[in-house]
Amino acid sequence: MSSRADIDDDDDDAVERVKRGLERVLVTWFPAAGRLRINEGTGKLEIDCNNEGALLTIAETFSKLEELGNLHEYKTCYEELVPQLPQNTSHNPLVAVQITKFSCGGISIGFGGSHALFDGFGAFNFLACWARISSGKDETELITPNHSRQRLLNAIRTNSSTPTSSSTDCLFGASSSSSIYKQEHVAGIQDLYGIPMRAMASDDRCWESELAKLGQSESQGLRLVTLCMEKEAVETWKGLAVQSGKLSKCSTFDVLCAHVWKARVKALSLEPNTNICLQFPINSRNRLQPPLGDNFTGNAFVLASASCLAKDLTEETLESTIRRIQAAKDLVANEYIKLYVKALESSSDKFLPSMRELTIVTDWLKFPFGALDFGWGKILCGAALLGTPVPEAVFLMPNLEEPGNFLARIGIGEQHISDFITNFNNFNYP
């Protein structure tokens, strides 16, 4: 959701301009006007480019933007600023938009997009193209979207150099019912599925009962919390990490990801010898060979993964945790990506419930939401996240209300909120 106050133009003209812009951007981004369907031959989900269109709703409210307080903080009333669609229907649009006019003259755009259509990178490029068209600016700089999945499919179907073993035999083909957790050479999968597998081994439980137990532990009583981290603190730790000689480089994501992983695990008070896992999406567009290119619009992320014991994470230095994250990034190269996607394609048991042992961090730090100009000028708040499929995932974002600073949005159990906030605000590492 993005919002803007004090529109200079007439409200109706401003809304009409954005509406026309959406109509035009759907010409080049035509899959966004389609619908999902199951291919009867392969049984796989695909996009039917049938031009049924996106959903656009125009709404008005007597409320003022200033009444909402800090716009980046989640509020239940935000759910009324996006279109509400029926669950699990093939007739649902892949893109749904609600433009809400506030009594103060402000306007918000509530945007929802199917993850089967595009990932965060693709969604932002869609928004950027839509905004530029709506603003009336020069369109020659617009990217030409590449909707074809053929290059991606060709890449993952090429032969792998990974040595053949029982698990790779499953991966390459043979059995569509092979278990995904047997893919031991893909860290993102091995670490994730290792959590319930190790619990089963220690207590003689079956797979289904262990998944049910894990799902119950973290799915109830979650609250969405948004915390701010000042740029100065992050820059200080980046500098210290490099100056110490322990790291040759350190990014803002590295520091925030390591910090929030530590803060969450400490807050949950897990047993010291508990196996824990951090996973975060990596954009594979230019890591795959040949590259997909920045204009590829589909899903092109894979999960990087780091795992250790809870006591190791909570006791080690921040630099050591950053090193784990950087090592996980480095693993995501051409071969890893191909094996990861093939494992998902060939396995029947792809999904796990929420787990206390698993921390997921999503990087939105480089999405310049503040640069999205629909012709209204400066945006007040670039992204106020609503509910997500994995509510306890951490989203790292720029703070447009305090330029230069950063936000971390997380879903966490009520009983752990106080400890998490304390940990998040504490940078006293050894």
Side-chain angles (χ1 to χ4, degrees), residues 22-23 25-56 83 85-97 111-127 129-130 143-158 160 170-180 183 186 188-189 281-285 287-303 337-352 388-390:
L22 180 59
E23 291 171 347
V25 79
L26 288 174
V27 175
T28 51
W29 290 72
F30 56 87
R35 297 293 184 270
L36 296 178
R37 70 180 180 191
I38 300 296
N39 185 305
E40 294 183 0
T42 64
K44 296 184 180 297
L45 192 68
E46 63 184 18
I47 297 175
D48 180 12
C49 298
N50 55 16
N51 203 33
E52 287 197 24
L55 174 66
L56 174 63
L85 301 176
Q87 295 292 322
N88 300 322
T89 170
S90 60
H91 300 294
N92 278 349
L94 300 183
V95 166
V97 177
F111 176 83
S114 170
H115 234 313
L117 175 64
F118 38 43
D119 55 17
F121 191 89
F124 183 83
N125 282 339
F126 176 86
L127 289 171
C129 288
W130 176 21
I143 67 167
T144 301
N146 170 26
H147 305 303
S148 174
R149 272 56 167 177
Q150 196 57 51
R151 184 181 295 181
L152 177 61
L153 293 173
N154 290 343
I156 64 176
R157 286 170 181 165
T158 57
S160 168
C170 292
L171 195 64
F172 286 103
S175 168
S176 61
S177 62
S178 60
S179 286
I180 193 171
Q183 317 307 329
V186 185
I189 294 173
I282 293 285
N283 181 2
S284 69
R285 283 170 173 78
R287 291 176 180 246
L288 194 65
Q289 297 301 323
L292 299 173
D294 287 338
N295 65 338
F296 177 72
T297 63
N299 264 297
F301 73 86
V302 297
L303 291 173
I337 297 165
K338 292 179 181 179
L339 293 173
Y340 188 97
V341 177
K342 286 178 180 178
L344 295 178
E345 284 285 309
S346 65
S347 300
S348 58
D349 47 348
K350 300 182 180 68
F351 304 106
L352 285 174
T388 58
V390 186

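Across every non-hydrogen atom of V97 and F111, the tightest pair is CG2-CD1, 3.9 Å. Considering all non-hydrogen atoms of both residues, P281 and L303 come closest at N-CD2, 3.7 Å. Scanning both residues, L117 and R149, for their nearest heavy atoms gives O-NH2, 3.0 Å. Of all heavy-atom pairs spanning A33 and N50, the tightest one is O-OD1, 3.7 Å. Among all heavy-atom pairs drawn from A116 and I47, the shortest one is O-CD1, 3.7 Å. Scanning both residues, L26 and A54, for their nearest heavy atoms gives CD1-CB, 3.9 Å.
When the salt bridge (Lys or Arg N to Asp or Glu O under 4.0 Å) test is applied to E52, the partners found at least two apart in sequence or on another chain are R35. For Q150, the side chain to side chain contact (heavy atoms under 4.5 Å, CB included) partners at least two apart in sequence or on another chain are S148, L153, N154, R157. By the ring pair (Phe, Tyr, Trp, His ring centres under 6.0 Å) test, F296 is found to be paired with no residue, residues two or more places apart in sequence or in another chain being considered. Residues passing the side chain to side chain contact (heavy atoms under 4.5 Å, CB included) test with S284, sequence neighbours excluded: A300, I337. For the side chain to side chain donor-acceptor pair (under 3.5 Å) test, residues two or more places apart in sequence or in another chain that qualify with D294 are N286. Partners of R287 under the salt bridge (Lys or Arg N to Asp or Glu O under 4.0 Å) rule, at least two apart in sequence or in another chain, do not exist in this structure. When the side chain to side chain contact (heavy atoms under 4.5 Å, CB included) test is applied to T42, the partners found at least two apart in sequence or on another chain are N39, K44. Among residues two or more places apart in sequence or in another chain, the side chain to side chain donor-acceptor pair (under 3.5 Å) test is passed with N125 by none. The salt bridge (Lys or Arg N to Asp or Glu O under 4.0 Å) test applied to R37 returns E46, D48, not counting sequence neighbours. Legend: residues meeting side chain to side chain contact (heavy atoms under 4.5 Å, CB included) with L85, ordered by chain and number and at least two apart, are L55, N92, P93, A96.
Side-chain atoms of L36 and S114, non-hydrogen and from C-beta on, do get closer than 4.5 Å to each other.
H115 places no side-chain N or O within 3.5 Å of a backbone atom of N299 that could act as its donor or acceptor partner. Side-chain atoms of N146 do not come within 3.5 Å of backbone N or O of N295 as any donor-acceptor pair.
Applying the salt bridge (Lys or Arg N to Asp or Glu O under 4.0 Å) test to residues at least two apart or on different chains, the pairs with a partner in residues 114-123 are D119-R285. The ring pair (Phe, Tyr, Trp, His ring centres under 6.0 Å) contacts involving residues 36-56 comprise nothing, where partners must be two or more places apart or lie in separate chains.
Of the inter-residue distances, the one linking L22 atom CG with W130 atom CH2 reads 5.0 Å to the nearest 0.5 angstrom. To the nearest 0.5 angstrom, F126 atom CZ is 11.5 Å from I143 atom CD1. Atoms OG1 and CZ, from T297 and F118 in turn, are 8.0 Å apart once rounded to the nearest 0.5 Å. Once rounded to the nearest 0.5 Å, the distance linking NZ of K338 with CG of L288 reads 6.5 Å. Distance check: L152 CG to L292 CG gives 5.5 Å after rounding to the nearest 0.5 Å.
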